[in-house]
Amino acid sequence: MAAPSMKERQACCGARDEYWKCLDENTEDASKCKKLRSSFESSCPQQWIKYFDKRRDYLKFKEKFEAGDFQPSKMTAKS
């Protein structure tokens with residue numbers, strides 16, 4: 001697989017940013033952002049999509065943790 005060109009990288013990051021913005025505005029309700037998710041998936045290599053999804057999960061966790069809003073699950077608290 002060849003590396004994406006600068007235009008392809010910009011299109012991918014733009015699609016990712018629009019999708020993430022939609023998720024933020026809709027309180028993580030992915031059903032309201034299906035069209036943007038499709039655009040994100042068609043604009044980015046599959047490996048990047050997987051990375052960006054994990055990155056968003058981590059950033060949201062970190063945001064909650066730093067704000068003191070993180071509550072460990074009951075399973076985690078027992079171990």
Side-chain angles (χ1 to χ4, degrees):
M1 178 177 115
S5 69
M6 185 170 79
K7 284 186 180 184
E8 291 170 329
R9 290 191 310 272
Q10 288 174 335
C12 173
C13 291
R16 176 206 60 202
D17 293 345
E18 287 295 315
Y19 175 60
W20 284 11
K21 182 179 176 184
C22 179
L23 290 175
D24 289 340
E25 291 172 351
N26 292 292
T27 320
E28 300 297 316
D29 186 358
S31 66
K32 295 181 180 179
C33 305
K34 287 181 181 179
K35 196 178 280 188
L36 291 171
R37 176 69 187 195
S38 293
S39 175
F40 171 49
E41 289 178 350
S42 66
S43 299
C44 300
Q46 190 62 38
Q47 292 170 327
W48 289 23
I49 294 167
K50 188 176 179 180
Y51 169 79
F52 288 140
D53 286 345
K54 286 182 180 181
R55 176 97 177 127
R56 180 173 173 81
D57 289 344
Y58 168 73
L59 292 172
K60 289 297 176 182
F61 164 78
K62 183 179 174 187
E63 188 178 288
K64 283 182 180 180
F65 188 80
E66 288 176 346
D69 295 336
F70 175 73
Q71 297 294 323
S73 70
K74 292 178 183 176
M75 295 292 279
T76 305
K78 290 180 182 179
S79 50

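Starting from 1, each residue takes its place in the sequence as its number.
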Distance-minimising heavy-atom pair for Cys12 and Ser43: CB-O, 3.5 Å
Audit row: Glu63, Leu59, side-chain contact (heavy atoms from CB on, under 4.5 Å) steps and yes/no: CA-CA 6 Å; Glu63 188 178 288; Leu59 292 172; over 6 Å; no
Nearest 0.5 Å, please: how far is [atom2] in [Y] from [atom1] in [X]?
X	Y	atom1	atom2	result
Asp53	Trp20	CG	CH2	8.0 Å
Arg55	Asp57	CZ	CG	11.5 Å
Lys50	Gln47	NZ	CD	8.5 Å
Lys34	Tyr19	NZ	OH	11.0 Å
Arg56	Arg16	CZ	CZ	10.5 Å

Do [X] and [Y] have side chains that get closer than 4.5 Å, going by heavy atoms?
X	Y	value
Trp48	Arg9	yes
Leu23	Arg37	no
Lys60	Lys64	no

Verdict with supporting geometry, Cys33 and Phe40, side-chain contact (heavy atoms from CB on, under 4.5 Å): CA-CA 10 Å; Cys33 305; Phe40 171 49; over 6 Å; no
Set of residues satisfying side chain to side chain donor-acceptor pair (under 3.5 Å) with respect to Thr27, sequence neighbours excluded: none
